[in-house]
Peer 1: 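A single structure is presented below for examination.
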Amino acid sequence: MSTNITRDEAARRSAGLRLEAYHTTVDLRRADEAGRTRFGVHCVVELDSTLEETFLDFLDGLVHRVVVNGERQRPAYDGARIPLRLQSGRNVVEAEAEGTFSTSGQGLHRFFDPVDGRCYLYTHFEPADARRVFPCFEQPDLKARHHVTVLAPEGWTVRSNQPRTAGGPVKPDGEMPAGVRHAFAATPPLSTYLTCLIAGEYHEVTGHWSRSGDEPLEVELAAYCRQSLVPHFDAEQILTITRQGLDHFHRDFGHPYPWGKYDQVFVPEYNLGAMENPGLVTFTEAYLPRSAATRAQYQARANTILHEMAHMWFGDLVTPAWWDDLWLKESFAEFMGAHASVQATEFTDAWVAFAGRRKAWAYKQDQLPTTHPIVADIGDIEAAKQNFDGITYAKGAAVLKQLVAYVGLEAFLAGSRAYFERHAFGVARLADLLEALEQASGRDLEAWSRAWLQTAGPDALGSRLELDGDRIARLAVTQHSVDARDGSPVGRPHVLKVGLYGRRQDRLERTALLDVELDGRELTEVPGAAGLPAPDLVLVNDSDLSYATVLLDERSRATVLDALGGLADPLARALCWSSLWNMTRDAELAVDDYLGAVARHGLGEGDVATLVDLLANAAEAIDHFLPAERRQEAAATHAAALQQALAGAEPGSDRQLTLSRALLRSIARLPELSGTALGLLSGEQVPAGLETGPELRWIAAQSLAANGTWQQPELDAELERDRAASSVTDHLHALAARPVPQVKEEVWERLHTPLALANDHVDALVAGFTTPGQEELAAPFTERYFDGLLEVWQQHAIVIASRLVAGLFPATPDAAERAEQWLDGHGEAPGALRRLVLEGADQARRASRAQQRNAG
């Protein structure tokens with residue numbers, strides 16, 4: 001059985017097949033019976049073929065009948081593929097089968113709400129899991145019209161890509177009870193991974209958007225959630241962002257919204273942030289906070305809403321022909337999420353969060369030995385699943401931001417509009433987009449594309465400053481530009497700005513902002529710098545127009561460490577913090593210096609998105625970049641700074657909430673501070689204005705469990721207060737965090753039992769098992785980890801296996817060496833598995849270097 005699909009196999013099918021339509025019926029009438037593991041599916045595919053033999057993809061199901069052109073064929077089904085014999089010309093293929101309900105977030109995921117027992121289902125197919133629900137040709141370039149019908153229990157809400165057009169009662173049939181038939185309009189040509197459905201007793205809020213003018217357009221809007229989340233469902237805010245986004249994208253893209261309606265559904269146990277199913281976008285329920293949330297959280301949600309909306313054009317209307325060009329949709333949607341937030345919503349500071357958080361993800365990914373070009377070489381589906389990463393998303397978006405600076409926004413949008421018109425409802429490749437952008441901008445983008453899209457690794461930029469008294473004699477930008485895979489020179493071009501800042505008492509004020517174009521040389525003079533007042537800070541890539549790690553010179557580094565809190569511009573602050581963090585990760589800046597800067601300047605940070613990042617970085621620096629013997633003292637010092645900052649925070653502010661979360665998490669390794677958590681839980685010690693909802697209560701409970709203060713009875717009692725789905729997950733995390741060897745053994749066994757846990761529960765147990773400060777408890781599992789890697793990969797769905805391999809990578813001093821031994825002895829292991837182990841080893845080596853740097 002081969003569950004993988006290679007690029008070569010897909011190319012052979014696309015060369016010989018032309019699909020017309022799928023007619024798919026999914027029978028969910030008994031889906032609400034927990035003991036029932038399968039659902040019925042009937043699929044008819046209409047196609048033209050020049051192939052005599054090929055195969056349908058269908059995973060983990062049962063195949064009862066296959067009929068081709070009226071003749072029954074023996075379904076030689078191996079659990080992944082259904083062989084077909086076809087005739088030249090038109091063919092009609094019919095398959096009757098049963099699929100399997102999922103708890104991994106792949107295929108058709110089924111969830112029973114612990115609050116009220118209601119059953120909810122939703123699909124997630126990217127990149128290749130439509131084949132878990134219906135037999136199909138699972139590759140993006142074989143688009144077809146999809147006619148979807150769902151049979152469901154009475155009273156259920158059922159939705160798919162297109163509006164419901166017909167339906168009615170269904171009589172009992174054999175073992176199947178009565179129900180309701182829901183038939184949906186045919187989709188425009190669509191890749192299989194973009195088809196979708198939801199079913200269950202979802203709560204619905206409706207709305208409307210329209211566009212007047214020469215080509216008026218009416219779009220019905222709807223937003224959905226589980227019934228138990230209705231009190232927390234701010235649907236009108238969600239629909240407001242939706243309308244603002246539709247206004248913006250119609251103005252910028254020129255092509256009318258092509259999918260009829262626009263539904264958005266928030267679903268449980270989701271594997272990712274969201275998915276761009278045309279006409280029915282799915283989101284994680286984490287975007288519906290049950291406790292107080294910060295403006296930064298709502299900004300992130302708006303960004304995701306707009307990201308997915310951009311996909312209606314980039315990805316859905318025009319789809320990458322194969323996963324090599326995944327960036328053709330994800331990088332563009334990532335860029336457009338921030339760009340549209342700034343242009344169309346209240347979140348005009350979206351690029352600050354992008355600079356601090358999303359680009360940090362990109363830099364981390366791009367410095368791994370598994371880094372790859374934005375246009376990657378994706379040989380099969382397993383490789384595609386691994387490439388939904390920081391390079392494809394965040395680096396790609398940052399490079400597009402640089403492209404906009406390079407060709408101009410209007411030319412970029414004009415090229416995009418031409419691209420949509422030429423390839424609407426079809427597929428495209430890199431060359432197609434470059435052609436459209438070149439024609440719109442008049443720029444030759446071939447060399448630009450080679451340098452930026454087809455090489456790996458970030459450039460390293462710095463500054464070289466020479467002074468003549470209190471004036472600049474010479475200022476130049478240094479550039480180190482190589483392909484990270486082999487060290488060969490690249491010389492990437494950059495259009496960027498250099499900011500000069502001077503100290504004015506307790507402030508850092510910008511004195512000049514200079515335009516610079518780099519052409520790949522190691523040293524480029526900054527025009528107009530000579531003769532200007534000597535700056536205290538030189539900030540290369542000010543305004544964050546390009547993608548590169550920025551090294552602060554000694555004078556600038558000293559200024560930032562001493563006076564960063566006096567820098568007024570939040571984007572410039574985020575860039576300085578980014579530079580300090582990259583230097584800390586690279587062991588070029590002492591952890592003490594970074595933590596000191598956070599304590600002096602970061603805890604008073606006014607941009608909460610940046611504050612969240614700083615607190616996460618500080619925790620990572622303590623837990624991974626300090627030697628074990630120094631962590632407890634550093635954690636106590638950091639917690640003391642948090643307490644002092646929290647005491648001065650404005651009651652009810654986002655800053656107060658953010659600092660409270662961080663302080664409660666720090667108690668996991670500081671039992672002497674348990675009174676703070678206990679006081680919050682009892683209500684006896686709650687800072688004025690702080691809302692103590694489920695989120696803060698569970699952070700406190702998890703920390704008390706981790707430091708040994710609370711045991712299972714206390715945790716069970718906390719769960720009895722609130723049995724929501726997220727509380728069940730948080731409870732599992734807390735139970736797994738208890739510092740008891742037997743607990744770790746039980747958690748290990750549960751995690752390694754196939755099909756025992758839903759995806760959210762896997763994450764919770766992994767988080768508890770790997771609680772910082774408990775490395776000695778986890779150390780005995782190191783050999784079992786490496787000995788069981790192949791078994792984990794074979795027995796678990798890839799999304800669960802990936803979480804186990806990455807999340808449980810050992811934190812022992814010899815982990816990198818042990819990983820290298822495993823890699824040397826398992827050259828034939830699946831490439832996706834080897835990649836995760838290789839990345840774990842590299843991060844272990846990075847941590848070891850930092851620990852050596854910070855010893856003493």
Side-chain angles (χ1 to χ4, degrees), residues 1-14 17 19 21-28 37-47 53-66 68 75-84 93-110 121-148 150 160-161 187 190-197 271 275 277 282 319 322-323 378 380-385 388 796-801 832:
M1 178 177 73
S2 175
T3 60
N4 207 356
I5 303 170
T6 70
R7 180 173 50 202
D8 291 341
E9 288 175 318
R12 284 194 292 273
R13 286 201 303 199
S14 60
L17 301 178
L19 300 192
Y22 287 88
H23 301 264
T24 304
T25 298
V26 180
D27 193 340
L28 302 177
T37 61
R38 297 187 183 275
F39 56 90
V41 61
H42 181 265
C43 186
V44 176
V45 190
E46 302 174 54
L47 68 147
E53 294 183 348
T54 188
F55 60 91
L56 281 170
D57 302 298
F58 188 53
L59 276 184
D60 299 331
L62 300 174
V63 177
H64 299 303
R65 187 168 63 96
V66 176
V68 180
Y77 175 57
D78 65 358
R81 298 181 178 189
I82 305 171
L84 297 177
V93 178
E94 179 184 2
E96 184 178 342
E98 291 181 53
T100 303
F101 291 117
S102 166
T103 57
S104 68
Q106 300 167 274
L108 181 57
H109 188 94
R110 182 173 62 170
L121 298 106
Y122 63 88
T123 56
H124 176 69
F125 293 158
E126 190 175 35
D129 286 316
R131 55 186 173 148
R132 295 181 183 274
V133 175
F134 62 98
C136 61
F137 298 100
E138 186 77 287
Q139 56 192 77
D141 60 343
L142 287 178
K143 286 189 168 184
R145 296 183 181 276
H146 290 262
H147 305 253
V148 176
V150 178
S160 188
N161 299 98
T187 70
L190 199 62
S191 303
T192 51
Y193 81 90
L194 290 168
T195 59
C196 62
L197 67 87
N271 275 333
M275 177 63 199
N277 312 305
T282 41
T319 307
W322 181 248
W323 302 104
I378 305 298
D380 55 44
I381 290 297
E382 284 196 359
K385 290 183 178 183
F388 287 81
H796 297 263
I798 189 171
V799 66
I800 301 295

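Every heavy atom of this structure was used, including side-chain atoms; hydrogens, water molecules and symmetry mates were not. Remember, predicted model here, so these are calculated numbers, not experimental data.
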Peer 1: Do Phe125 and Val133 have side-chain heavy atoms sitting under 4.5 Å apart?
Peer 2: yes
Peer 1: So that I can tick it off, tell me whether Arg81 and Asp78 are bridged by a salt bridge, with the cut-off set at under 4.0 angstrom between side-chain N and carboxylate O.
Peer 2: no
Peer 1: Check Ala97 against Val63 and note the closest heavy-atom contact, atom names and distance.
Peer 2: CB-CA, 4.1 Å
Peer 1: Just do the side chain to side chain contact (heavy atoms under 4.5 Å, CB included) check on Gln106 and Ile800 with the steps written out, would you?
Peer 2: CA-CA 10 Å; Gln106 300 167 274; Ile800 301 295; 5.5 Å; no
Peer 1: Measuring only between side-chain heavy atoms, which start at C-beta, is Arg132 closer than 4.5 Å to Ser102?
Peer 2: no
Peer 1: How many angstroms lie between atom CD1 of Ile381 and atom CD1 of Ile5, to the nearest 0.5 angstrom?
Peer 2: 5.0 Å
Peer 1: Would you say Arg131 and Ile82 make side-chain contact, with heavy atoms under 4.5 Å?
Peer 2: no
Peer 1: For the residue pair Phe58 and Tyr77, does the interplanar ring angle fall in the parallel (under 30°), tilted (30 to 60°) or perpendicular (over 60°) class?
Peer 2: tilted
Peer 1: Between His146 and Tyr22, what is the ring plane arrangement, given parallel below 30°, perpendicular above 60°, and tilted in between?
Peer 2: parallel
Peer 1: I'd like to check Arg65 versus His42 (side-chain heavy atoms, cut-off strictly below 4.5 Å). Are they in contact?
Peer 2: yes
Peer 1: Could you tell me whether the side chain of Leu28 reaches within less than 4.5 Å of the side chain of Val150, counting heavy atoms only?
Peer 2: yes
Peer 1: So do Cys43 and Thr24 actually touch side chain to side chain, heavy atoms under 4.5 Å?
Peer 2: yes
Peer 1: Check whether the side chains of Thr187 and Arg145 place a donor and an acceptor atom closer than 3.5 Å, and report yes or no.
Peer 2: no
Peer 1: Would you say Phe39 and Arg110 make side-chain contact, with heavy atoms under 4.5 Å?
Peer 2: no
Peer 1: Do Glu94 and His23 touch side chain to side chain, with heavy atoms closer than 4.5 Å?
Peer 2: no
